[in-house]
Amino acid sequence: MKIICVGRNYADHVKELGNSIPDEPVLFMKPKSALLQSHTPFYYPEFTNELHYECELVLRVCKNGKYIQAKHASNYYDAVTVGIDFTARDIQDELKSKGLPWEKAKAFDNSAVVGKFITLTPDFNRKSIPFSLVKNNVKVQEANSSQMIFSIDRVIENISNYFSLNIGDLIFTGTPAGVGECVVGDVMEGFIDTQSLFTVEVK
Ligand code: ZN
C-alpha cells in the first residue's frame, strides 16, 4: 500500500504558512513504513526541533483504478477517518528554501497516524464531513470537508492521473488552519463530528 497526501487544500492553512493557492492539487507520498501501527507509541523524532501536527481527513481506497473521473470517484473509497500528517516543520522549511523534495520532513517512520475507519453507508454525507483535533483537551483544529479547495472527488481524479490507486491505499486530503507544534507529553485526539477515532501521545 501507499499513502498519498494532498498539501495546501484549505485556504486558511495555505495563508497561515504563507504559501499561494495552488492551481492543481499539491501531492506527495509517504511509504508504508510511515504508518504508525495501532497500539504503538509515537516517539518524537531526534532529527527535528519543530514537530507539527496536521489533522486531516483520510480516505481508504477500495477499488483499483487509473484515470478516474471525478463523477466516478466516490466508487473508489469506502471508508473515512481522521489522521495526523506529522511534519518536521524546520526540516521542511529548509528543504523548501532549497527547492528540495519534502520526504525527510514528511515521510519518516510513524509520521502517518490513522484513526479507526468509519465505513460509508449510502446515507453518509460525503460532501460535508466535520472533523477536529483536540490537543491536551483544547480544540486546535476544526474544519469541514466542504471547505477543501479541491474536493475529494477532484483530488481522486487528479491523483489517479499520475498514480494508480490500489485497494488499501490511503489518501490524506490536506489540513485546515491551526497546525502547530507538539512536544513530548502532548496527547492528541482526532474526531469526525463527535466520534473519537484516535488518541496519540508524543513520547
Ligand atoms: Zn498535511
Side-chain angles (χ1 to χ4, degrees), residues 1-36 42 44-45 47-48 50-61 77 80-96 100-115 117 129-135 139-152 154-156 158-159 162-163 169-182 186 188-192 197-198 200 202:
M1 59 82 73
K2 58 189 176 292
I3 303 168
I4 304 148
C5 306
V6 183
R8 304 177 190 170
N9 203 21
Y10 289 83
D12 52 0
H13 170 65
V14 172
K15 227 177 279 171
E16 76 180 345
L17 290 189
N19 292 313
S20 50
I21 303 277
D23 306 324
E24 68 166 294
V26 173
L27 301 179
F28 61 94
M29 304 231 255
K30 291 177 188 263
K32 192 179 173 191
S33 50
L35 193 63
L36 182 72
F42 177 84
Y44 197 104
F47 52 79
T48 176
E50 194 186 5
L51 180 71
H52 273 204
Y53 57 81
E54 294 188 356
C55 182
E56 314 197 1
L57 277 178
V58 180
L59 315 174
R60 186 178 70 194
V61 174
Y77 67 101
V80 297
T81 188
V82 270
I84 295 181
D85 164 22
F86 272 121
T87 303
R89 194 71 72 200
D90 49 352
I91 308 284
Q92 188 194 27
D93 287 345
E94 192 185 328
L95 295 169
K96 272 163 75 176
L100 293 172
W102 295 354
E103 275 83 352
K104 286 181 175 174
K106 286 278 198 184
F108 54 86
D109 285 359
N110 301 331
S111 61
V113 175
V114 175
F117 277 96
I129 310 171
F131 65 102
S132 59
L133 181 73
V134 169
K135 186 178 93 161
K139 195 176 280 182
V140 289
Q141 291 192 278
E142 185 171 30
N144 189 296
S145 62
S146 62
Q147 298 163 331
M148 290 178 183
I149 296 171
F150 301 101
S151 68
I152 288 174
R154 290 185 64 199
V155 161
I156 289 173
N158 186 267
I159 289 172
Y162 300 90
F163 311 110
D169 288 350
L170 301 177
I171 301 174
F172 276 64
T173 55
T175 196
V179 302
E181 214 172 336
C182 40
D186 282 348
M188 279 161 290
E189 188 173 9
F191 295 84
I192 286 183
L197 298 172
F198 71 79
V200 64
V202 179

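A quick note: this is a predicted structure, and the numbers were derived from the prediction, not measured. Order of appearance sets the numbers: ligands from 1, and atoms from 1 within every ligand.
Aromatic ring pairs are classed by plane angle as parallel below 30°, tilted from 30° to 60° and perpendicular above 60°; the pair F108 and F42 is tilted.
Residue-and-atom listing of protein N/O/S atoms under 2.8 Å from the Zn ion (ligand 1), sorted by chain and number: E54 OE1, E56 OE2, D85 OD2.
Remark: the backbone N or O of G178 is paired with a side-chain donor or acceptor of E16 at under 3.5 angstrom. No donor-acceptor pair under 3.5 Å is formed between the side chain of T175 and the backbone N or O of E56.
Pairs of residues two or more places apart, or lying in two chains, that qualify as salt bridge (charged side-chain N to carboxylate O under 4.0 Å, His left out) and include a residue from residues 81-96 are K30-D85, E54-R89, D85-K106, E94-K98.
Around the CZ atom of R154, the shell of radius 6.0 Å holds no more than 12 heavy atoms that belong to other residues, nucleotides or ligands.
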Subject >> Steps toward side chain to side chain contact (heavy atoms under 4.5 Å, CB included) verdict (I156, Y77) >> reply: CA-CA 9 Å; I156 289 173; Y77 67 101; 3.5 Å; yes
